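All remarks here apply to the structure that follows.
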Number of protein chains: 2
Amino acid sequence: MLQLTRNGEYAVRAVLYLSSQPPGKPVLITEISESQEVPKSYLSKIMQHLVRAGLVRSRRGINGGFTLARPAETITLKETIEAVEGPIHLNICLIRKGECHRDDFCPVHPVWQEAQRRLSEVLDGKSMADLVRDGEAIKKQMKKTRRKQK
Amino acid sequence: MLQLTRNGEYAVRAVLYLSSQPPGKPVLITEISESQEVPKSYLSKIMQHLVRAGLVRSRRGINGGFTLARPAETITLKETIEAVEGPIHLNICLIRKGECHRDDFCPVHPVWQEAQRRLSEVLDGKSMADLVRDGEAIKKQMKKTRRKQK
DNA sequence: TCCAAATAGGACTAAAATCATCCTTAATGT
DNA sequence: ACATTAAGGATGATTTTAGTCCTATTTGGA
């Protein structure tokens, strides 16, 4: 459907939440689940993917939880999404050379390449640190608006 | 999966094929199906969508078939895809204001807006007439390459 | 060393989407 | 009337999506 799945959306929420927390402080899955409105048992699977992808570190037991494995500045939206959804290919002809045997002569193929390049540009251009900053700016703006409304 | 479905791909092939034919000359579904490698009965459904969307005209009976309903210059890739897949929304939060109640404060939302804008730009920037021209250029180029290889 | 707290991982499932096929109906030109 | 051609409805297999649940494993502390 050319649409992000819940997996991708939830992964972004989780990583973004971790990025907003003090670095190194383990965050419980329950806390992520409740604050980000993601079913806990489902989120558990997503976190596993993020750990295997090297974006997140986990520790079990008391004082356990999840932390970012790398600074939020170095983690992009695209990376987070691909960690749980696999590589983004807007059309199957972009999966690999030869996946679609019409590649050679199909005039639409280059258009998909360009479309994907543009999309990647946007998603790779935003780090989790950027998004945390953006979120804080939005919060500030909302407070200002509320004050004006009084 | 953030990927075009077969519906969209097949629709593009069909409309592109019609665009490459003499305007007004009815083309049989069998001809489209075989030349574009799309299952005939499946293609039949897709053509119905394209007719209802106003991109293609159909006529039944002898001398029947499909033709473009409008000049190929005025039909874009995006329009063709949306005719069979519905409007493109890269994330459900883009479907409409309020679809995702996190809209207001979600710092990711504007990124998706931008991503979708860029994608639309590419897909809307190519008309079927453009693609036919591109296809002819590719053919010419391939002939040249073959000559050189001899 | 045992226990409580956490995540890891496997099995399972309901619902929806995807990718079709087949058959009957309706329109159209000769 | 008849042959031709698309329209439309019903059906179905397979895959993906979006979860849940249960058990195992790790970990730190009493």
Side-chain angles (χ1 to χ4, degrees), chain A residues 1-14 18 25-34 36-69 81 83-86 88-89 91-92 100, chain B residues 1-14 17-18 25-34 36-69 81 83-86 88-89 91-92 95 100:
Chain A
M1 226 193 331
L2 210 43
Q3 191 171 90
L4 191 74
T5 64
R6 298 294 77 198
N7 265 280
E9 168 74 19
Y10 293 161
V12 170
R13 290 190 198 176
L18 289 183
K25 178 197 149 207
V27 180
L28 296 186
I29 201 169
T30 305
E31 184 181 339
I32 306 175
S33 160
E34 290 174 358
Q36 301 307 299
E37 306 172 272
V38 179
K40 189 174 149 187
S41 54
Y42 193 31
L43 180 60
S44 163
K45 298 292 170 211
I46 290 168
M47 296 313 289
Q48 287 174 29
H49 274 107
L50 293 172
V51 168
R52 282 190 218 114
L55 298 190
V56 162
R57 231 193 307 262
S58 69
R59 227 176 48 221
R60 302 200 241 199
I62 294 171
N63 298 326
F66 297 92
T67 56
L68 289 187
I81 291 167
V84 297
E85 300 217 333
I88 293 174
H89 302 294
N91 197 342
I92 56 173
C100 170
Chain B
M1 228 194 328
L2 210 43
Q3 191 171 90
L4 192 75
T5 63
R6 297 295 76 197
N7 265 281
E9 168 73 18
Y10 293 161
V12 170
R13 290 191 199 176
Y17 185 74
L18 289 183
K25 178 198 149 207
V27 180
L28 297 187
I29 202 169
T30 305
E31 185 181 338
I32 306 176
S33 159
E34 288 174 0
Q36 301 307 300
E37 306 172 273
V38 179
K40 189 175 150 187
S41 55
Y42 193 30
L43 180 60
S44 163
K45 298 293 173 212
I46 290 168
M47 297 313 289
Q48 287 175 29
H49 274 107
L50 293 172
V51 169
R52 283 190 217 113
L55 297 190
V56 163
R57 231 193 306 262
S58 69
R59 227 177 48 222
R60 303 199 241 199
I62 294 170
N63 299 324
F66 296 93
T67 56
L68 288 188
I81 291 167
V84 296
E85 299 217 333
I88 293 174
H89 302 295
N91 197 343
I92 56 173
I95 293 177
C100 170

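Below, chain A is the first sequence line, B the second, and so on; all start at residue 1. The model shown is predicted, which means the values in this text are computed figures rather than measured ones. What's counted below: heavy atoms across the whole structure, side chains too, no hydrogens, waters or symmetry copies.
- If you measure from atom NZ of Lys25(A) to atom P of dA6(C), you get 13 Å, rounded to the nearest angstrom.
- Comparing dT20(D), dA7(D), dG28(D) by their closest approach to the side chain of Arg59(A) singles out dG28(D).
- Remark: Ser58(A) is in phosphate contact with dA8(C), judged by side-chain N or O atoms under 4.0 Å from OP1 or OP2.
- Remark: the Arg60(A) side chain and the dT7(C) base include a donor-acceptor N/O pair separated by less than 3.5 Å.
- When all heavy atoms of Met1(B) and Thr5(A) are compared, the pair lying nearest together is N-CG2, 3.5 Å.
- Leu43(A) CG to Glu34(A) CD: the interatomic distance, rounded to the nearest 0.5 Å, is 11.0 Å.
- Between dA20(C), dT7(C), dA8(C), one nucleotide has an atom nearer to the side chain of Pro39(B) than all others, and that is dA20(C).
- When all heavy atoms of Leu4(A) and Leu2(B) are compared, the pair lying nearest together is N-CD1, 3.7 Å.
- Atoms OH (Tyr42(B)) and P (dA20(C)) sit 6 Å apart, rounded to a whole Å.
- Among the heavy atoms of the strands lying under 4.0 Å from Thr5(B) are primed sugar atoms or P, OP1, OP2 only; no base atom is included.
- Rounded to whole Å, atom C1' of dA6(D) lies 15 Å from atom CD of Glu31(B).
- For Lys40(A) against dG19(D), a side-chain-to-base donor-acceptor contact under 3.5 Å is absent.
- Residue contacts shown for Arg52(A) are limited to sugar-phosphate atoms, with no base heavy atom under 4.0 Å away.
- The residue among Arg6(A) and Asn63(A) whose nearest nucleotide of DNA chain D is located toward the 5' end is Arg6(A).
- A donor-acceptor contact shorter than 3.5 Å links the side chain of Ser33(A) to the backbone of Val38(A).
- Computed from coordinates, the Glu9(B) CD to dA20(C) P distance equals 12 Å when rounded to whole Å.
- The interatomic distance linking Gln3(A) (CD) with dT16(D) (P) rounds to 17 Å, in whole Å.
- Between dA20(C) and Tyr10(B), a contact under 4.0 Å exists linking OP1 or OP2 to a side-chain N or O.
- Atom CG of Leu43(A) is separated from atom C1' of dC21(D) by 16 Å (rounded to the nearest Å).
- Using a 4.0 Å heavy-atom cutoff across all strands shown, Met1(A) reaches sugar-phosphate atoms only and no base atom.
- Leu4(A) has its CG atom 10 Å from the P atom of dT17(D), to the nearest Å.
- Distance CD1 (Ile46(A)) to P (dT20(D)): 11 Å, rounded to an integer number of Å.
- Residue whose closest nucleotide on DNA chain C sits further toward the 5' end, between Gly64(A) and Leu2(A): Gly64(A).
- A 6.0 Å sphere centred on NE2 of His89(B) holds more than 12 heavy atoms belonging to other residues, nucleotides or ligands.
- Judged by atom type and distance alone, Lys45(B) reaches the base of dG8(D) through a side-chain donor-acceptor pair under 3.5 Å.
- Along DNA chain C, the nucleotide closest to Ile62(B) and the one closest to Met47(A) are compared, and the more 5′ of them pairs with Met47(A).
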